[in-house]
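Below: one structure, written as structure tokens.
None of the values given here were measured: they were computed from a predicted structure. Values reported hereafter were calculated over all heavy atoms of this structure, with side chains retained and with hydrogens, waters and symmetry mates removed.
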Amino acid sequence: MDFKPIRKAASMSPAILGMNKQGAYVTIPGYLLTKAEIAQDARVEILFGEAGRKKCIRVQASDQGPFKLSKRGTTGLLQAAELSPKVATEEKYDLTVDGSDRGQVTFVLPDKWDIARKDLIAA
């Protein structure tokens with residue numbers, strides 16, 4: 001029989017997408033950053049993908065990335081006004097992880113979340 005440790009539930013909190021005065025933000029839990037081998041204060045790129053009704057963002061480590069994670073306790077905070085929705089919301093959403101690989105994590109955006117500045121998405 002193969003035994004594996006059980007993690008504390010608090011250490012497995014979801015990534016959160018929300019809004020504050022600076023615009024949209026994503027909090028990424030430390031265990032996801034560790035799994036993806038991304039430092040809590042890393043420079044990153046944000047990539048956008050869409051297939052039918054499914055919209056995703058990928059946070060990808062990049063030395064030249066225009067965004068920077070900020071270390072907040074055991075999480076990384078990504079402040080990105082560019083992800084702000086067309087309709088401002090005070091709700092916070094748990095993000096579903098669509099996949100993670102070395103140096104990147106992909107999240108599914110909530111159905112109600114439609115990025116306002118689609119002109120900022122490279123062609």
Side-chain angles (χ1 to χ4, degrees):
M1 187 178 302
D2 186 22
F3 287 92
K4 296 180 181 175
I6 294 176
R7 296 182 179 126
K8 298 267 301 167
S11 70
M12 298 300 290
S13 60
I16 306 250
L17 175 65
M19 292 285 295
N20 60 22
K21 292 177 185 177
Q22 290 82 33
Y25 68 85
V26 179
T27 58
I28 306 172
Y31 75 91
L32 277 177
L33 293 172
T34 299
K35 182 178 177 185
E37 299 177 24
I38 300 173
Q40 282 180 294
D41 58 354
R43 294 210 68 82
V44 297
E45 294 179 303
I46 303 172
L47 297 98
F48 177 79
E50 193 169 16
R53 298 186 73 205
K54 183 178 179 181
K55 293 175 259 178
C56 295
I57 57 166
R58 177 173 290 158
V59 177
Q60 181 171 297
S62 170
D63 291 338
Q64 304 304 316
F67 300 94
K68 187 167 182 354
L69 294 176
S70 299
K71 187 176 179 179
R72 297 286 191 270
T74 60
T75 67
L77 174 69
L78 174 61
Q79 187 70 51
E82 294 79 0
L83 293 177
S84 296
K86 286 182 181 180
V87 178
T89 179
E90 291 186 20
E91 288 184 69
K92 293 179 183 175
Y93 298 92
D94 290 353
L95 289 175
T96 302
V97 176
D98 193 51
S100 67
D101 201 356
R102 186 171 185 220
Q104 63 187 31
V105 180
T106 304
F107 300 103
V108 178
L109 291 174
D111 290 338
K112 298 176 185 179
W113 202 277
D114 192 17
I115 295 175
R117 296 286 314 269
K118 293 228 176 165
D119 60 314
L120 297 176
I121 299 170

> Hey, is Asp41 close enough to Lys71 for a salt bridge, meaning N to O under 4.0 Å?
Replying inline: no

> Is the shortest heavy-atom distance from the side chain of Leu95 to the side chain of Pro14 under 4.5 Å?
Replying inline: no

> Which distance, rounded to the nearest 0.5 Å, do you find between the OH of Tyr25 and the CZ of Arg72?
Replying inline: 11.5 Å

> Under a 4.5 Å side-chain heavy-atom rule over Ile, Leu, Val, Met, Phe, Trp and Tyr, are Ile16 and Val108 clustered together?
Replying inline: no

> Do Phe48 and Val105 belong to the same hydrophobic cluster, where Ile, Leu, Val, Met, Phe, Trp and Tyr are linked whenever their side-chain heavy atoms lie under 4.5 Å apart, directly or via other members?
Replying inline: yes

>> Would a single hydrophobic cluster contain both Val97 and Ile46, if residues Ile, Leu, Val, Met, Phe, Trp and Tyr are joined by side-chain heavy-atom contacts under 4.5 Å?
In response: yes

>> For the NZ atom on Lys35, are there more than 12 heavy atoms of other groups (residues, nucleotides or ligands in this structure) within a distance under 6.0 Å?
In response: no

> Taking everything shown except Asn20 itself, do over 12 heavy atoms lie less than 6.0 Å from its CG?
Replying inline: yes

>> Looking at every heavy atom in both Val44 and Ala61, which two are closest together, and how far apart are they?
In response: CG1-CA, 4.1 Å

> To the nearest 0.5 Å, how far apart are CD1 in Ile115 and CG in Leu109?
Replying inline: 5.5 Å

>> Atom CD of residue position Gln22 - does it have more than 12 heavy atoms of other residues, nucleotides or ligands inside 6.0 Å?
In response: yes

> If you measure from the Lys or Arg side-chain nitrogens to the Asp or Glu carboxylate oxygens, is any gap between Arg58 and Asp98 under 4.0 Å?
Replying inline: no

>> I'd like to know whether Ile28 forms a side-chain contact (heavy atoms from CB on, under 4.5 Å) with Val59, so could you lay out the CA-CA distance, the side-chain angles of the two residues, the decisive distance to 0.1 Å, and finally the verdict.
In response: CA-CA 10 Å; Ile28 306 172; Val59 177; 4.2 Å; yes

> Going from CG on Leu33 to OG on Ser100, what distance comes out if it is rounded to the nearest 0.5 angstrom?
Replying inline: 10.5 Å

>> Please report the interatomic distance OG1(Thr27) to CD(Gln79), rounded to the nearest 0.5 Å.
In response: 11.0 Å

> Thinking salt bridges, do Lys55 and Glu50 make one under a 4.0 Å N-O criterion?
Replying inline: no

>> If hydrophobic clusters are built from ILVMFWY residues whose side chains come within less than 4.5 Å, do Leu83 and Leu120 share one?
In response: no

>> Let's go through Ile57 and Thr106 carefully: what are the C-alpha distance in whole Å and the side-chain angles of both, what is the deciding distance for side-chain contact (heavy atoms from CB on, under 4.5 Å) to 0.1 Å, and is it a yes or a no?
In response: CA-CA 6 Å; Ile57 57 166; Thr106 304; over 6 Å; no

> Is a side-chain N or O of Arg43 found less than 3.5 angstrom from the main chain of Ser62, in a donor-acceptor match?
Replying inline: no

>> Please determine whether residues Tyr31 and Val26 belong to a single hydrophobic cluster, defined as Ile, Leu, Val, Met, Phe, Trp and Tyr linked transitively by side-chain heavy-atom distances below 4.5 Å.
In response: yes

> How far apart are the closest heavy atoms of Trp113 and Ser84, and which atoms are they?
Replying inline: NE1-C, 4.4 Å

>> Working to the nearest 0.5 angstrom, can you tell me the gap between Asp119 CG and Glu82 CD?
In response: 10.5 Å

> If you round to the nearest 0.5 Å, how far is CG of Asp94 from CZ of Phe107?
Replying inline: 11.5 Å

>> On a heavy-atom basis, which atom in Met19 and which in Pro85 lie closest, and how many Å separate them?
In response: SD-CD, 3.4 Å

> So Leu47 and Gln60, side-chain contact (heavy atoms from CB on, under 4.5 Å) or not? Walk me through it.
Replying inline: CA-CA 8 Å; Leu47 297 98; Gln60 181 171 297; 3.8 Å; yes

> Side chain of Gln40, backbone of Thr74: donor and acceptor closer than 3.5 Å?
Replying inline: yes

>> Between Tyr93 and Asp111 (side chain of the first, backbone of the second, donor and acceptor by atom type, cut-off under 3.5 Å), is there such a pair?
In response: no

